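For clarity, every value in this text was computed on a predicted model and none was experimentally measured. Values below: every heavy atom of this structure, side chains too, minus hydrogens, waters and symmetry copies. For ligands, and for the atoms within them, numbers begin at 1 and follow the listed sequence.
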Amino acid sequence: MTVVLPPREARALAVWNCSQLVTLAGPPRARCGAEMRELGAIRDGALLVRGGRIERVGTRAEIEQAAGGDVEVVDAGGRIVMPGFVDAHTHPVFAGTRAGEFEERMQGTSYAEIAARGGGIRSTVRHTRAASEDDLLAAARRYRGWFLRGGTTTVEAKSGYGLSLDAECKMLHVMARLSAEGSVRYVPTFLGAHEVPDEYRGRMGAYIELLVEEMIPRIAEERLAESCDAFIEPSVFPVEKARVVLQAAQRAGLRLRLHADQFSPDYGSLLAAELGADTADHLESTGPRGLEALRAAGVMPVLLPASVYALGSAHYPAARAMIDMGLPVVLATDFNPGSSPTASMPMVLSLAATQLKMTAAEGIAAATINAAYSLRRGSEIGSLEAGKQADFVVHDCGDFRELPYFFGRDPAIAVYVGGICIYKLLQYS
Ligand code: NIG
Ligand code: FE
């Protein structure tokens, strides 16, 4: 039995009896190369939390001595405690599912064929437009429970199933309401350039004008999003069109995180580098030229192996080459109803191990501290260090290497955001 608890006031906490406190302590920047294998794990480590922030990190003996009588004890029961996952690429607000399309795809119809006949993203757009804000909120709360069970405490959340000013704002308002509920943290991204909606088919120029003249200025002015994204593909938004949208977003003060090279080699990655995007995401088709452009421009790669898996493909991104050339790799779920219907970061760690050949430590660094830096929140979240938000998770593991090893389960048994327990598994042994 599980329960998602309502928010309460942050109390002083002492967290101890941890087999490993996986701190991710280190330099105040994203980790690259061999640094990704250094998790700063403390055997029998412990935490002291006050006012929702980490006051002290140390051994159990040190924390026992420093803790006053006023603290509430969180006994981890000999399990690992680590930072909440930061899922840096998701599409968590939508109506309906695409289970029917999934079945068709498994029988041989491609994602591109389904999109070309008006299914895919455009099918979810029709459902999302028809749904009320409250219905979308109810669906998104359900998915939030899935993020929590995997141990995720921050989620980057893209719009992109509205594709009109009103429907995009409706999605972004849902994200603002989710954030205000004080559970998982949501970081909103505007993805108006996800597809050309039905009523603009054959008139991409007119849709781009709407994005540039109305949608981006309004969304930036109302501070409904921090970043802007575009699905850059010759058959969706070609580079020349995406560039116009993304430059308008930059002029309006939005940062960039881009769907790049999912299907087309060295395509969106080059635009991400040219525009100085924070991240280039997917990169399943990126070759040496695109990778070098990302490295030279300081663009972080966000890898989404669950979308490769759920599309039934074997075309995974070249994570090892990226790590070896010093790129600070990030991992995310890409949770969405089409290409990646999972909210589970532990599942992503499993795929990162078996398909991307990343070690458990590399996967965890990519899914916590690097993801936090990709969202420009590295000084607040992503590691367990004094002064940071107390966003931590007790997982049902004795060693962090069990996270990618035991797969297909929800390992989190307690999740804290800002020092408040927001999720607890009630029955476990
Ligand atoms: O990241 N590639 C584009 N966007 C999503 C899929 C969205 C959908 O199919 O609904 C992705 O894979
Ligand atoms: Fe995506």
Side-chain angles (χ1 to χ4, degrees), residues 87-102 104-105 109-129 131 136 139-140 143 155-163 167-168 171 187-198 227-238 242 245 256-264 267-269 272 277-286 301-313 315-317 330-343 348 351 371 374-375:
D87 191 342
H89 179 136
T90 85
H91 308 245
V93 177
F94 57 85
T97 75
R98 304 225 296 273
E101 283 183 6
F102 177 73
E104 273 186 75
R105 276 197 279 110
T109 315
S110 75
Y111 186 70
E113 281 163 348
I114 290 172
R117 64 153 205 239
I121 294 169
R122 283 190 283 150
S123 138
T124 301
V125 169
R126 290 190 282 274
H127 284 101
T128 304
R129 284 180 173 180
L136 286 176
Y143 303 134
V155 160
E156 184 264 5
K158 300 175 192 301
S159 64
Y161 292 123
L163 309 187
E168 286 291 305
M171 292 184 72
V187 182
T189 296
F190 173 59
L191 179 51
H194 199 192
E195 235 315 1
V196 176
D198 291 346
S227 303
C228 184
D229 192 348
F231 186 10
I232 307 167
E233 281 293 328
S235 61
V236 190
F237 286 94
V245 174
L256 303 183
R257 318 177 65 82
L258 307 176
H259 282 74
D261 302 352
Q262 185 177 8
F263 303 111
S264 303
Y267 191 69
S269 55
D278 289 333
T279 68
D281 306 31
H282 276 288
L283 306 179
E284 287 92 320
S285 303
T286 312
V302 179
L303 307 185
L304 312 167
S307 70
V308 182
Y309 170 78
L311 288 175
S313 159
H315 194 44
Y316 285 92
V330 177
L331 286 169
T333 61
D334 195 15
F335 175 61
N336 76 72
S339 64
S340 192
T342 182
V348 168
L351 291 166
S374 86
L375 293 169

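Taking 2.8 Å as the threshold, Asp334 counts as a candidate ligand of the Fe ion (ligand 2), since one of its N, O or S atoms lies below it. At least one N/O/S atom of His91, from backbone or side chain, sits under 2.8 Å from the Fe ion (ligand 2).
Checking only distances, His259 does come within under 3.5 Å of ligand 1, N or O to N or O.
Those atoms of ligand 1 with a heavy atom of Asp334 less than 4.0 angstrom away are 1 (O), 11 (C), 12 (O). Those atoms of ligand 1 that come under 4.0 Å of a heavy atom in His89, given as number and element, are 1 (O). The ligand atoms of ligand 1 that sit less than 4.0 angstrom from a heavy atom of Ile121 are 7 (C), 8 (C), 9 (O), 10 (O). Set against the non-hydrogen atoms of Gln262, the atoms of ligand 1 under 4.0 Å away are 2 (N), 3 (C), 12 (O).
Among protein heavy atoms, atom 9 (O) of ligand 1 sits closest to Tyr111 OH, 2.5 Å. In terms of protein heavy-atom proximity, atom 4 (N) of ligand 1 is nearest to His194 NE2, 2.9 Å. Residue, atom and distance of the protein heavy atom nearest to atom 12 (O) of ligand 1 are Ser339 OG, 2.5 Å. When hydrogens are left out, the protein atom nearest atom 7 (C) of ligand 1 is Tyr161 OH, 3.3 Å; that is the closest non-hydrogen contact.
The shortest distance between side-chain heavy atoms of Leu331 and Pro305 falls below 4.5 Å. Using a 4.5 Å heavy-atom threshold, the side chains of Arg126 and Asp198 count as touching. Arg257 has its side chain within reach of Leu375: a pair of non-hydrogen atoms, C-beta onward, lies under 4.5 Å apart. Residues Val236 and Glu195 have side chains in contact (heavy-atom distance under 4.5 Å, counting atoms from C-beta outward). Contact of the Lys158 side chain with the Thr90 side chain is not registered, since no non-hydrogen atoms from C-beta on lie closer than 4.5 Å.
Ring pair His91/His194 is parallel by interplanar angle, where below 30° counts as parallel and above 60° as perpendicular.
Side chain to side chain, His89 and His259 meet the donor-acceptor criterion of an N or O pair below 3.5 Å.
Residue contacts with ligand 1: Asn336 is included, with a non-hydrogen atom under 4.0 Å away.
Under a 3.5 Å cut-off, the side chain of Ser374 and the backbone N or O of Ala371 do form a donor-acceptor pair.
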